[in-house]
Structure formats: C-alpha cells, structure tokens
Colleague: 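Got a structure for you, questions after.
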Amino acid sequence: MKVLVTGCCGYIGSHTCVELLNSGYEVIGIDNFSNSKKEVLDNIGLITNQNMIFYEGDMLDEKFLMSLFRTHSIDCVLDFAAYKAVGESVEKPIEYYTNNVSSVLNLLKVMKKFGCKRLVFSSSATVYGSPKKVPITEEDDTGGTTNPYGTSKLFVEQILKDLYQADSSFAICILRYFNPIGAHKSGLIGENPNGIPANLMPYISKVASKELECLQVFGDDYKTKDGTGVRDYIHVVDLAVGHVKALEKLEKEKKGLFIYNLGTGTGYSVFDLIHTFEKVNHVKINYKIVNRRPGDIAECFSNPAKAKKELGFSCQYSLEDMVRDAWNYEKKNKS
Ligand code: UD1
C-alpha cells in the first residue's frame, strides 16, 4: 500500500512516517521545509532502518502534485502540511488560509483526478472552540474558533464534509488532535519550533535547558483543580499510531467520512506538567504566575471512547513518558 505523507518532516508527520514504515507501508513523503529540517529524513531512516521516497515541494504547486500522482500510484494521503502557530495566524491570516486551505483544495483536485479517494486529515481540538462541557465528544458543537489557524481547520473539515456529500466514494478520516507532546524515544525526532515556543511543553524544555529563563504560567485563577489550565496531553508516538489505525479503518470500510478525537481522555494542569517534569527529569523549572493568555480556555480534554471502539486505539504512554521523552529530545538537540 502506497501512502503519500504531506509535511513528512514536521513534528507529527515525522513520527507518523516512522510508524507507517514500521507497519510495512510504502511511504512517499513531501515537505517544503518551511518549518522543518532536512536532517529529519536521515533520522527517520536511522530509526526505522528503511528508506522512504521523498520529494521537496509545495502543495500550492499543483503541477508538482500532478507529477507526483502521475509517477506513483498513491492509494491514500495523510495530510499534515500546514502552518500551526496560533499567534502568527492572527498576524498573517492570508498566508494561513492560503497555506492551510488552498493547499488542501489543490490536493483534493489532484486526488480526484487520479482516482485516489482515501484521505486522513490532521485537524485539531481547536475546532471545538470554547467547549460547553468536558470531556469533549465528536458529536459536540464545533465553531467559535478565535484565530485563523483554528478557523482554517474548521474550514477544511467543512470542505471535506461537502466533498463526501458530493461524492460518497471517498473515504475520509478527520483526526482531531488534543495536545501532542513528547518525542520518539531515540531523541532523533521531536518538536523543534522556530523561535520562542508558544506551547507549554517545548517552553518547559527550554527553561529546563536554561535556554529560556522562566516559564510564565498563564493564570492560576481558572476553575480547575489547582487554578491552572487543564489539557489532554498525548504522546506524539501514540498520536502517530492513531494514524495507522485510521488508515486501517479506511482500508476496511472503503468509503465513508469518519471523525475521531485523538487524546488520552485525561486532563492535566500546567502545574501537573511542571511538577512531573521536575520529578521525572530531576531538573528545576523556574516559573512565575502571570495573567491569563487571551483566548485560552480553562479545560479541554477528550472523550476518547469513539476512537477506542471504532479504531481500537488507546494510548500506551503516560505523562511521565511524555516529559521524559521531551527532555531527552531537548538534551540531544539543544540549540
Ligand atoms: C494551543 C492552541 C491550539 C493548538 C494547540 C497545539 C492557543 C490559544 N491554542 O492550544 O489552537 O491547536 O496549541 O498544540 O494558543 N501555558 C502556559 N505558559 C506557556 C504556554 C502555555 O501557562 O508559556 C498554558 C496555557 O495557558 C494552557 C496550557 O499551558 O493552559 C497549554 O497551552 P498550549 O501548549 O499553548 O496549548 P493550548 O492552549 O491547549
């Protein structure tokens, strides 16, 4: 089975390539390196002892996509290629909508032309906006996103629903990620954001390595167990395995539109993360409490029952594993 992985050198794309190769899939990867590094390809090779076919190119380049599908008979696409920085998306909405939405439209056009009708799409729990209740199920309302990044995911979900409505021979799986953290245990691949990280886990790692001085905890007055924000952190390797399960589902069902939450179902607070990181890794995290970050919600965690029932997906890694692997990656890749 030949699968095309877009954004194959990114954080989630690279971990998924490892799981796909280890599961025997033939992987064709593409990336434009807008937010990733070429060495990731070698590291995927080192981890799996296998080679994947790779092309450097951009999904906005329709001719590039056409030549790819002409050269390879691709059975399924896993689409990871997107911009993902929430703050930046507010500054650059045109770039975000172009990169995150137009690229998918290009891909779908070319897929349809070549009769490739299986797609796994990277969506996000951000599509639930400010959830009315937790844990969140797939049937809960979506909408109310507060930034172009989140809205771009919502738009693509709608495009995929409309496409399936028009052509029910497609098999589409939308995966709504909660908060992926951690890294492959080898420390060869992981999260390597450009500039100062906006997300909690990479920020903690950089405070631990003394690259950054102090973590700002955005609010300790939420109605949560300790006042700090609660999220559903999921080990990136578990998340990657979720994609293999999604692919198996599409292979089995042949057609349909499926939506799954990928999370552990357990919420951890900012303090849980800090204290677990300190305990497991024996390092001190300097932090101070500051005001809430605008747009943040108090609690967000999944009900993972649907993915468990329909995909046979459940998470193997604990919060301890997540912080240990994040720190291992940071130490090995200290800039
Ligand atoms: C953020 C995005 C979300 C995106 C997700 C990707 C926002 C508002 N939301 O989610 O759209 O899909 O990343 O993983 O940016 N925190 C601190 N100090 C920090 C950083 C974060 O206290 O320096 C807190 C936050 O207030 C939150 C928790 O840590 O309670 C997690 O934050 P973060 O890692 O940014 O993820 P989300 O806000 O859940």
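As the structure lists them, so they are numbered: ligands from 1, and atoms in each ligand from 1.
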Colleague: Considering non-hydrogen atoms of the protein only, which is the closest contact for atom 26 (O) of ligand 1, and what is the distance?
Modeller: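 Checking every protein heavy atom, the shortest distance to atom 26 (O) of ligand 1 gives Asp296 OD2, 2.5 Å.
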Colleague: Going by the atom numbers of ligand 1, which of them fall below 4.0 Å from some non-hydrogen atom of Val217?
Modeller: 22 (O)
Colleague: Which ligand 1 atoms are under 4.0 Å away from a heavy-atom of Tyr149?
Modeller: 4 (C), 11 (O), 12 (O)
Colleague: Tell me which part of Tyr177 gets within contact of ligand 1: side chain, backbone, both or neither, using heavy atoms under 4.0 Å.
Modeller: neither
Colleague: Quick check: does any side chain N or O of Asn100 sit under 3.5 Å from a backbone N or O of Ala82, one acting as donor and the other as acceptor?
Modeller: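 Such a contact is absent between Asn100 side chain and Ala82 backbone.
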Colleague: Asn35 vs Tyr83, test: side chain to side chain contact (heavy atoms under 4.5 Å, CB included). Steps then yes/no.
Modeller: CA-CA 8 Å; Asn35 192 23; Tyr83 292 156; 5.9 Å; no
Colleague: What is the minimum heavy-atom distance between Ser186 and Lys332, and which atoms define it?
Modeller: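 Nearest pair, atom of Ser186 first, then Lys332: O-NZ, 3.2 Å.
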Colleague: Is the closest heavy atom of Cys300 to ligand 1 under 4.0 Å?
Modeller: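 No, Cys300 has no heavy atom closer than 4.0 Å to ligand 1.
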Colleague: Which word best sums up how the rings of Tyr55 and Phe64 line up, parallel for under 30°, tilted for 30 to 60°, or perpendicular for over 60°?
Modeller: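 Plane angle over 60°, so perpendicular.
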Colleague: Tell me the nearest of Phe271, Tyr233, Tyr268, Phe218 to atom 19 (C) of ligand 1, using heavy-atom distances.
Modeller: Phe218
Colleague: Students should be able to answer this: which protein heavy-atom is nearest to atom 11 (O) of ligand 1, and at what distance?
Modeller: Thr126 OG1, 3.2 Å
Colleague: Using the rule ring pair (Phe, Tyr, Trp, His ring centres under 6.0 Å), only one of Tyr97, Phe121, Tyr96, Tyr149 pairs with Phe155; which is it?
Modeller: Tyr97
Colleague: Test of understanding: given a 4.0 Å heavy-atom threshold, classify the contact between Thr146 and ligand 1 as side chain, backbone, both, or neither.
Modeller: neither
Colleague: For the residue pair His275 and Tyr287, does the interplanar ring angle fall in the parallel (under 30°), tilted (30 to 60°) or perpendicular (over 60°) class?
Modeller: perpendicular
Colleague: Nearest protein heavy atom to atom 32 (O) of ligand 1, by residue and atom, and its distance?
Modeller: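 Protein heavy atom with the smallest distance to atom 32 (O) of ligand 1: Arg293 NH2, 3.5 Å.
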Colleague: Quick test: of every protein heavy atom, which one is nearest to atom 18 (N) of ligand 1, and how far off is it to 0.1 Å?
Modeller: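 Atom 18 (N) of ligand 1 sits closest to the protein heavy atom Gln216 O, 2.7 Å.
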Colleague: Suppose I only count heavy atoms of Gly229 and a 4.0 Å limit; which atoms of ligand 1 are within that range?
Modeller: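 Taking each heavy atom of Gly229 in turn, ligand 1 has 30 (O) under 4.0 Å.
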Colleague: Considering heavy atoms of the protein only, find what lies nearest to atom 34 (O) of ligand 1 and give residue, atom and distance to 0.1 Å.
Modeller: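 So the nearest neighbour among protein heavy atoms is Leu200 N, 2.8 Å.
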Colleague: Report yes or no: does a heavy atom of Tyr287 sit under 4.0 Å from some atom of ligand 1?
Modeller: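 Checking ligand 1 against Tyr287, which is what was asked, there is no heavy-atom contact under 4.0 Å.
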Colleague: Please list, in number order, the atoms of ligand 1 under 4.0 Å from a heavy atom of Ala198.
Modeller: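 By the 4.0 Å cutoff, the relevant atoms are 20 (C), 35 (O).
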Colleague: Taking Ser123 for the side chain and Ile174 for the main chain, is one N or O donor matched with an acceptor at less than 3.5 Å?
Modeller: no
Colleague: Check step by step if side chain to side chain contact (heavy atoms under 4.5 Å, CB included) holds for Ile274 and Val217.
Modeller: CA-CA 10 Å; Ile274 295 173; Val217 175; 3.9 Å; yes
Colleague: For the atom pair CD1 (Ile289) and CD (Gln216), what is the distance rounded to the nearest 0.5 Å?
Modeller: 10.5 Å
Colleague: What protein heavy atom lies closest to atom 14 (O) of ligand 1? Include the residue and the distance to one decimal.
Modeller: Asn199 ND2, 4.0 Å
Colleague: Only heavy atoms of Asn179, strictly under 4.0 Å: list the atoms of ligand 1 that pass.
Modeller: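 In order of number, 36 (O), 37 (P), 39 (O).
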Colleague: Closer than 4.0 Å to some heavy atom of Ser124 - which atoms of ligand 1 meet that?
Modeller: 12 (O)
Colleague: Is the Lys NZ or Arg CZ of Lys249 less than 6.0 Å from the centre of Phe258's six-membered ring, within 45° of the axis?
Modeller: yes
Colleague: Considering non-hydrogen atoms of the protein only, which is the closest contact for atom 27 (C) of ligand 1, and what is the distance?
Modeller: Arg231 NH2, 3.6 Å
Colleague: Below 30° counts as parallel, above 60° as perpendicular, anything between as tilted: where do the rings of Trp327 and Phe277 land?
Modeller: perpendicular
Colleague: To which of Val270, Ile274, Leu273 does the heavy atom nearest atom 24 (C) of ligand 1 belong?
Modeller: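 Ranked by closest heavy atom to atom 24 (C) of ligand 1, first place is Val270.
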Colleague: Between Phe114 and Ile74, does a side chain to side chain contact (heavy atoms under 4.5 Å, CB included) hold up when you go through it step by step?
Modeller: CA-CA 9 Å; Phe114 286 87; Ile74 294 165; over 6 Å; no
Colleague: Say whether Gly150 and ligand 1 are in contact under the criterion: heavy-atom distance to a ligand atom below 4.0 Å.
Modeller: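 It does not; every heavy atom stays at 4.0 Å or beyond.
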Colleague: Please state which protein non-hydrogen atom is closest to atom 2 (C) of ligand 1 and give its distance, to 0.1 Å?
Modeller: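 Checking every protein heavy atom, the shortest distance to atom 2 (C) of ligand 1 gives Val86 CG2, 3.4 Å.
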Colleague: Is it the case that more than 12 heavy atoms not belonging to Lys279 sit under 6.0 Å from its NZ atom?
Modeller: no
